[in-house]
There are 4 protein chains.
Amino acid sequence: MIMKKLTRAQQKALRPIQILDAAFEEFIEKGFSAARVEDIASRIGVTKGTIYVYFPTKEEIFSAMVRHIAVPFEAVHTNELNGSCSEQLRSLLLLCYEHILGDRRTRELLRFAISEGIRFPELIDTHYQELVEPILERTQAIIDEGVRIGEFRSGTAPFARVIIAPFVAMMVDVLILGDNRDLGVPLYIQSHLDFVMHGLAVSETSGSVE
Amino acid sequence: MIMKKLTRAQQKALRPIQILDAAFEEFIEKGFSAARVEDIASRIGVTKGTIYVYFPTKEEIFSAMVRHIAVPFEAVHTNELNGSCSEQLRSLLLLCYEHILGDRRTRELLRFAISEGIRFPELIDTHYQELVEPILERTQAIIDEGVRIGEFRSGTAPFARVIIAPFVAMMVDVLILGDNRDLGVPLYIQSHLDFVMHGLAVSETSGSVE
Amino acid sequence: MIMKKLTRAQQKALRPIQILDAAFEEFIEKGFSAARVEDIASRIGVTKGTIYVYFPTKEEIFSAMVRHIAVPFEAVHTNELNGSCSEQLRSLLLLCYEHILGDRRTRELLRFAISEGIRFPELIDTHYQELVEPILERTQAIIDEGVRIGEFRSGTAPFARVIIAPFVAMMVDVLILGDNRDLGVPLYIQSHLDFVMHGLAVSETSGSVE
Amino acid sequence: MIMKKLTRAQQKALRPIQILDAAFEEFIEKGFSAARVEDIASRIGVTKGTIYVYFPTKEEIFSAMVRHIAVPFEAVHTNELNGSCSEQLRSLLLLCYEHILGDRRTRELLRFAISEGIRFPELIDTHYQELVEPILERTQAIIDEGVRIGEFRSGTAPFARVIIAPFVAMMVDVLILGDNRDLGVPLYIQSHLDFVMHGLAVSETSGSVE
DNA sequence: TATGAATGAGAGTTCATTCAT
DNA sequence: GATGAATGAACTCTCATTCAT
């Protein structure tokens with residue numbers, strides 16, 4: 001089963017992906033400027049000259065890497081969400097959390113948007129298009145439906161952003177503290193869901209709060 | 001009133017601060033690695049050499065700058081919050097929002113924590129100690145009190161983090177998109193507050209939601 | 001008549017020549033150092049590797065190219081020159097001018113001698129042996145004969161070099177300005193010939209000039 | 001009298017000139033592409049970083065060097081030429097020859113025009129403006145006057161270029177062979193002058209030559 | 001205190017050359 | 001014979017840092 005040697009053609013098709021994966025790690029650790037092309041090369045056991053066979057500049061490596069990791073968060077659209085609107089929203093949020101904790105790529109895209117967005121504006125667009133907007137749209141759709149059928153109370157406009165916010169905040173925590181530390185994620189998620197459900201619920205006693 | 005010439009002593013006391021302010025701007029725009037000591041110097045009309053009179057290395061400039069901008073978010077502790085727990089929480093959150101929109105320093109500290117935290121671990125500590133923890137503690141205190149006196153429902157533990165989250169998410173948006181774009185902040189804040197109040201309210205009908 | 005496919009043997013025999021022709025163009029445009037082996041290859045629709053099948057180093061390509069283009073200026077010896085010595089000289093000079101304007105190879109050899117002669121001393125020898133000396137010898141022979149039979153006046157020694165000089169100067173102009181610009185060549189040639197004839201003529205009034 | 005140490009200010013004013021002089025030598029020996037910035041630096045005992053304090057790119061060093069060496073050949077205009085037109089022309093040509101043999105700068109400018117003119121078009125302009133045109137203009141002026149007063153015969157138009165040509169051809173010889181070889185310059189000059197005088201002389205016997 | 005010329009250790013990039021396919 | 005992926009040495013250019021003035 002072990003195939004140490006790939007054919008030339010296989011190797012060639014693989015190289016750009018290997019490079020971008022290696023670049024991903026280096027850029028995360030060092031940032032764009034501090035990352036060295038040679039270190040990217042070392043990670044996959046080639047010399048820096050090889051990198052330049054596939055990409056003309058370090059900038060291009062970075063941009064290509066962003067495109068490489070920014071796979072659209074399709075699950076958010078394709079996943080069939082069942083049950084009441086509450087249940088759908090709950091499923092959607094859980095889907096998001098799984099996505100962070102499992103997929104560094106999407107999470108690190110946020111880091112790049114924050115740290116390199118000024119120099120790579122495309123990054124910002126990519127981040128919003130691939131991650132933020134899909135989630136916001138789906139969320140808002142569920143809320144709207146919930147409000148329409150009377151399952152959720154009607155309220156102030158940009159609800160979706162607020163409802164999604166704890167998920168974003170957790171991404172930030174993971175980015176800063178790393179995913180090996182215990183951030184109390186399960187309890188946090190529970191709290192988030194609990195809160196969302198209460199916040200959206202049609203309640204009689206809430207009239208006087210605001 | 002115009003004081004064109006400062007005494008030498010004043011000048012001397014001022015320089016480090018000028019440098020750190022200039023460094024702050026450069027590090028935001030370029031990041032630690034890409035920022036040039038010479039550009040920091042240019043911003044205050046001196047030359048490279050002068051910077052090294054006050055700081056031994058670029059690393060030191062960065063660290064000192066972080067300490068310089070990370071003024072503890074004291075308002076969060078000193079401000080007298082009046083009224084019911086709801087009102088106090090509301091005041092606290094509004095205080096936070098004012099803090100983002102008015103004070104780039106605290107906001108950019110978050111950027112540095114995300115972008116340079118790996119290389120400057122102190123940054124992470126600073127960010128949590130100066131910004132995150134004070135807010136969380138005060139928030140939690142209010143919630144606890146609210147629960148104790150029956151104003152808020154009792155719920156799952158890390159409530160404070162969830163309640164603060166929309167504020168964090170907005171910081172991230174401002175970091176990524178800049179503060180000159182219209183991010184719909186007033187409405188967002190209203191939505192956040194509205195949501196928090198409903199989520200914490202003691203409601204009768206919410207029993208079946210989760 | 002159309003021969004799209006050459007036999008392998010023909011192809012093989014052709015390649016080195018194709019390469020040297022392509023190399024000639026590249027070396028003219030860029031000079032030895034700046035010319036890229038890959039660009040030479042592109043010109044004939046092959047890849048770098050192919051070049052190295054035929055030539056071991058870039059230096060060798062250059063040297064071989066020089067040998068390739070430095071076809072001895074045989075016309076200058078073989079051409080039967082008829083008529084008086086004046087007429088012969090006139091024919092010889094016209095032959096040289098045709099040679100410049102029609103044949104870039106010889107002309108560019110001069111460029112290489114000037115620009116790369118220091119690093120490729122053989123170039124200098126080649127240039128003198130293939131171009132300069134044949135012309136000088138033939139010229140001097142005609143002059144000597146003219147002087148001997150009293151058709152030309154006798155004069156100072158290195159006449160041939162001086163007589164040939166305008167032709168050299170025109171080569172230089174073409175090298176510098178390119179052969180697409182109008183350099184007034186026909187008139188220049190006329191002037192050159194006119195001048196040579198007067199300069200060599202046995203005159204009575206010229207005694208006092210020097 | 002020996003001053004090993006110059007003041008800072010003196011040193012600084014000197015540096016660019018030192019660099020350009022060193023660059024001149026390197027560019028002559030190696031050509032633009034093959035010349036190394038580090039070698040230019042070594043020649044004046046500094047490191048390559050120093051070069052970049054004064055010039056932003058190698059291209060700029062080259063261009064600045066060309067401007068540096070291309071001092072207009074003013075002697076050709078300012079020198080008072082006395083005597084008959086023949087004598088003036090003779091003096092002018094001798095002036096040119098002195099200029100080649102004494103001043104490498106002007107001579108090497110011709111080499112650069114030939115070898116790097118394609119990539120640095122300004123070089124060509126400079127060479128013509130600073131060297132070629134001044135000589136041609138002055139020469140033509142003398143010829144015209146000589147013709148006007150009947151000292152020279154009238155002839156075909158671009159006489160000046162032809163008359164100057166032997167001087168150009170000798171420059172080329174020196175460029176190719178170096179100025180340490182014995183090129184028989186004195187005799188060549190004598191022959192050139194002799195030829196020019198005969199070629200321009202008003203002669204009775206020359207009618208049948210062309 | 002401030003300067004800025006000089007340094008030198010890199011970093012990005014290029015390209016002649018090799019060699020397995 | 002032809003390819004082109006890979007190499008690695010070399011080169012240009014950058015910039016944090018030093019230090020004499």
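Just so it is clear, the model here is predicted, and its values are computed rather than measured. In what follows, every chain begins at residue 1, and chains take the letters A, B, ... in the order their sequences are listed.
Of all the residues in residues 25-47 of chain D, A35(D), R36(D), V37(D) reach under 4.0 Å from DNA chain F with at least one non-hydrogen atom.
Atom C1' of nucleotide dT7(E) and atom CZ of R15(D) are separated by 12 Å, given to the nearest angstrom. Residue Q18(D) contributes atom CD, which lies 14 Å from atom P of dA5(E) at whole-angstrom precision. Across the protein-nucleic acid pair, F55(B) atom CZ and dA2(E) atom C1' stand 16 Å apart, rounded to whole Å.
Contact of K58(C) with dT17(E) (side chain to base): no donor-acceptor pair of N or O atoms is detected under 3.5 Å. Side-chain to base pairing of K48(D) with dT7(E): no donor and acceptor N or O lie closer than 3.5 Å to each other.
For the pair R104(C) and E25(C), the salt-bridge criterion is met [side-chain N within less than 4.0 Å of a carboxylate O]. Between R36(D) and E26(D) no salt bridge is recorded (no basic side-chain N to carboxylate O distance below 4.0 Å).
For DNA chain F, if you chain together Watson-Crick or G-U pairs that step i with j, i+1 with j-1 and so on, the runs of at least three with distances under 3.5 Å are E:2-21 with F:2-21.
Of the residues listed (K30(A), K48(A), K58(A)), the one engaging D39(A) in a salt bridge (charged side-chain N to carboxylate O under 4.0 Å, His left out) is K30(A), and it is the only one. Checking each of F112(A), F27(A), F62(A) against F120(A) for a ring pair (Phe, Tyr, Trp, His ring centres under 6.0 Å) leaves exactly one that passes, namely F62(A). Of the residues listed (I124(C), D125(C), T126(C)), the one engaging Y128(C) in a side chain to side chain contact (heavy atoms under 4.5 Å, CB included) is I124(C), and it is the only one.
Inspection of the S33(B) and R119(B) side chains reveals an N or O donor paired with an N or O acceptor under 3.5 Å.
Y54(B) has a side-chain polar atom (N or O) that falls below the 4.0 Å cut-off from OP1 or OP2 of dA2(E). Under 4.0 angstrom from either OP1 or OP2 of dT7(E) there lies at least one side-chain N or O belonging to T50(D). OP1 or OP2 of dT17(F) sits under 4.0 Å from a side-chain N or O of Y52(B).
Residue V53(D) has its side chain nearest to dA5(E) when only dA2(F), dC13(F), dA5(E) are considered.
Atom CD of E116(B) is separated from atom CZ of F32(B) by 7.5 Å, given to the nearest 0.5 angstrom.
Residue whose closest nucleotide on DNA chain E sits further toward the 5' end, between I51(B) and P56(C): I51(B).
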Salt bridge (Lys or Arg N to Asp or Glu O under 4.0 Å) between R43(A) and E29(A), worked out: CA-CA 13 Å; R43(A) 274 185 185 262; E29(A) 274 183 31; 3.3 Å; yes
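Nearest heavy atoms, E130(A) versus V71(A): OE1-C, 4.3 Å.
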